[in-house]
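Residue numbers count from 1 along this sequence. As the structure lists them, so they are numbered: ligands from 1, and atoms in each ligand from 1. Reckoned from all heavy atoms, side chains included, excluding hydrogens, waters and symmetry mates. Since we're looking at a predicted model, the values are computed, not measured.
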Amino acid sequence: MTGQPQTPRPPLGLETAWAALLAAAGRDVSAPAEAARWLSRGIDGAQHAQANAPAQVQDLLSLYGPLCADGGWVVGHLGQSLDGCIATHLGESCFVTGPDNILHLHRMRALCDAVVVGAGTVASDDPQLTTRLVSGPSPVRVVLDPRGRLGADHRLFQDGAAPTLLCSTNAVGKTRAPGQAGLLVLPHNKDGLRLDALVTALAERGLKRLFVEGGGVTVSRFLAAGLLSRLQIAVAPLIIGQGRPGLSLPRTERLADALRLSPRIFRMGADILYDLDLAAPEAATDAGQGGGAPAADEGVLRQVR
Ligand SMILES: NC(=O)c1ccc[n+]([C@@H]2O[C@H](COP(=O)([O-])OP(=O)(O)OC[C@H]3O[C@@H](n4cnc5c(N)ncnc54)[C@H](OP(=O)(O)O)[C@@H]3O)[C@@H](O)[C@H]2O)c1
């Protein structure tokens, strides 16, 4: 109807915005009515309409909105020190990044269908991989353990907090996974388990939004296989020295051949999150200056507060 005065919508609060994001991702069907109203305009619409909303609401929608709008993705995340380590050489990683980045991990778990980790992470951290810090369901937990080296006593095999899948090869001769986990047998090649086969097998189970939470070896293999749609690197103001590496990839001979990415940058407490869209890597470079040349920003200096 035309001429009808529009009732101004109340500003979208942080809790409501998060509920709307969860509902948009299909992760929570019991979103409160206010969140549902925002959702009816789509997350993009909510974002647009929230130009005057508190900055933290805008940033929440900006970081997570695109992931909710997209039904399938593989996002890798690492929290690393300034010198590129994700843990000490003994494997201690609690905590490299601060509580705001840990909260982000829980939000990502709530928005994904499955969280994927390597055997090294389970062996070192005995993680639960649940959404204890946020509302929203815990994802299916997927562990890459090709040699069947993990014992049944790890928490995610025992706690029943969410379904758990152990990925292995036929070669280890396992007929069942440890504890309450299910077994997913995958083909392998010289690089280990075929991660493309993993992504396909999970999609067949309806698990299409995948969060690869670590560690360095696992995220690197997903990246090298060209399977990541986004890479998130949180850098903490910490210098570890000779620790466990974050990304570890084959050499690049020429800087021009290196992968320079166009980041979105979010501050998380004292940490800086680089949110990198791997579908558009060329956007970060100046045309005509070679792949290694950073794009110009008109000499602008901006302090991140
Ligand atoms: N700061 C962070 O963001 C963060 C996050 C997670 C973990 N961590 C820390 O990082 C350390 C663990 O990381 P990590 O890099 O050493 O190990 P990881 O990535 O957790 O696990 C690596 C292992 O997983 C298996 N794996 C992974 N991808 C595979 C594939 N495609 N095919 C076959 N096997 C595959 C292999 O097991 P096999 O060796 O049995 O073949 C591989 O050695 C721990 O100290 C943990 O505390 C830090």
Novice: Near Q180 CD, under 6.0 Å, is it more than 12 heavy atoms from other residues, nucleotides or ligands?
Specialist: yes
Novice: Which residue supplies the protein heavy atom nearest to atom 28 (N) of ligand 1, what is that atom called, and how far is it?
Specialist: L144 CD1, 3.5 Å
Novice: Would you say the rings of Y274 and H77 are close, in the sense that their centroids are separated by under 6.0 Å?
Specialist: no
Novice: Identify the closest protein heavy atom to atom 42 (C) of ligand 1: which residue and atom is it, and at what distance?
Specialist: V217 CG1, 4.1 Å
Novice: Is the closest N or O pair between T218 and ligand 1 shorter than 3.5 Å?
Specialist: yes
Novice: Considering only protein heavy atoms, which is closest to atom 40 (O) of ligand 1, and at what distance to one decimal place?
Specialist: R149 NE, 2.8 Å
Novice: Could an N or O of ligand 1 be found under 3.5 Å from any N or O of A119, whether backbone or side chain?
Specialist: yes
Novice: Are any side-chain N or O atoms of S62 and backbone N or O atoms of Q58, one a donor and one an acceptor, separated by less than 3.5 Å?
Specialist: no
Novice: What about H77: any of its N or O atoms under 3.5 Å from an N or O on ligand 1?
Specialist: no
Novice: Using side chain to side chain donor-acceptor pair (under 3.5 Å) as the criterion, point out the one residue from R155, H154, R141 that pairs with T164.
Specialist: R141
Novice: Go through ligand 1 atom by atom and flag the ones less than 4.0 Å from a non-hydrogen atom of G118.
Specialist: 18 (P), 20 (O), 21 (O), 24 (O)
Novice: Among protein heavy atoms, which lies nearest atom 47 (O) of ligand 1, and at what distance?
Specialist: D125 OD1, 2.5 Å
Novice: Test your reading of the structure: does G91 have an N or O sitting under 3.5 Å from an N or O of ligand 1?
Specialist: yes
Novice: How close does the nearest protein non-hydrogen atom get to atom 17 (O) of ligand 1, and which residue and atom is it?
Specialist: G120 CA, 3.8 Å
Novice: Which protein non-hydrogen atom lies closest to atom 13 (O) of ligand 1, naming both residue and atom, and how far is it?
Specialist: G215 CA, 3.5 Å
Novice: For ligand 1, which atoms have a heavy atom of L78 less than 4.0 angstrom away?
Specialist: 3 (O)
Novice: Can you report which non-hydrogen protein atom sits closest to atom 14 (P) of ligand 1, along with the distance?
Specialist: G216 N, 4.0 Å
Novice: Between T97 and ligand 1, find which residue part has any heavy-atom pair under 4.0 Å and reply side chain, backbone, both or neither.
Specialist: neither
Novice: Tell me, which protein residue and heavy-atom name are nearest atom 5 (C) of ligand 1, and how many Å apart are they?
Specialist: E213 O, 3.4 Å
Novice: Strictly under 4.0 Å, does any heavy atom of V117 approach an atom of ligand 1?
Specialist: no
Novice: Distance-only criterion, 3.5 Å: show the donor-acceptor pairs between side-chain atoms of residues 90-100 and protein atoms not counting sequence neighbours.
Specialist:
| from | atom 1 | to | atom 2 | distance (Å) |
| --- | --- | --- | --- | --- |
| S93 | OG | D125 | OD2 | 3.4 |
| T97 | OG1 | N101 | OD1 | 2.7 |

Novice: Do ligand 1 and L193 have nitrogen or oxygen atoms that lie under 3.5 Å from each other?
Specialist: yes
Novice: Rounded to the nearest 0.5 Å, how far does CD of E213 lie from CD of Q232?
Specialist: 10.5 Å
Novice: State whether the shortest distance between N or O atoms of G79 and N or O atoms of ligand 1 falls below 3.5 angstrom.
Specialist: yes
Novice: Salt-bridged, D191 to R221, with N to O below 4.0 Å?
Specialist: no
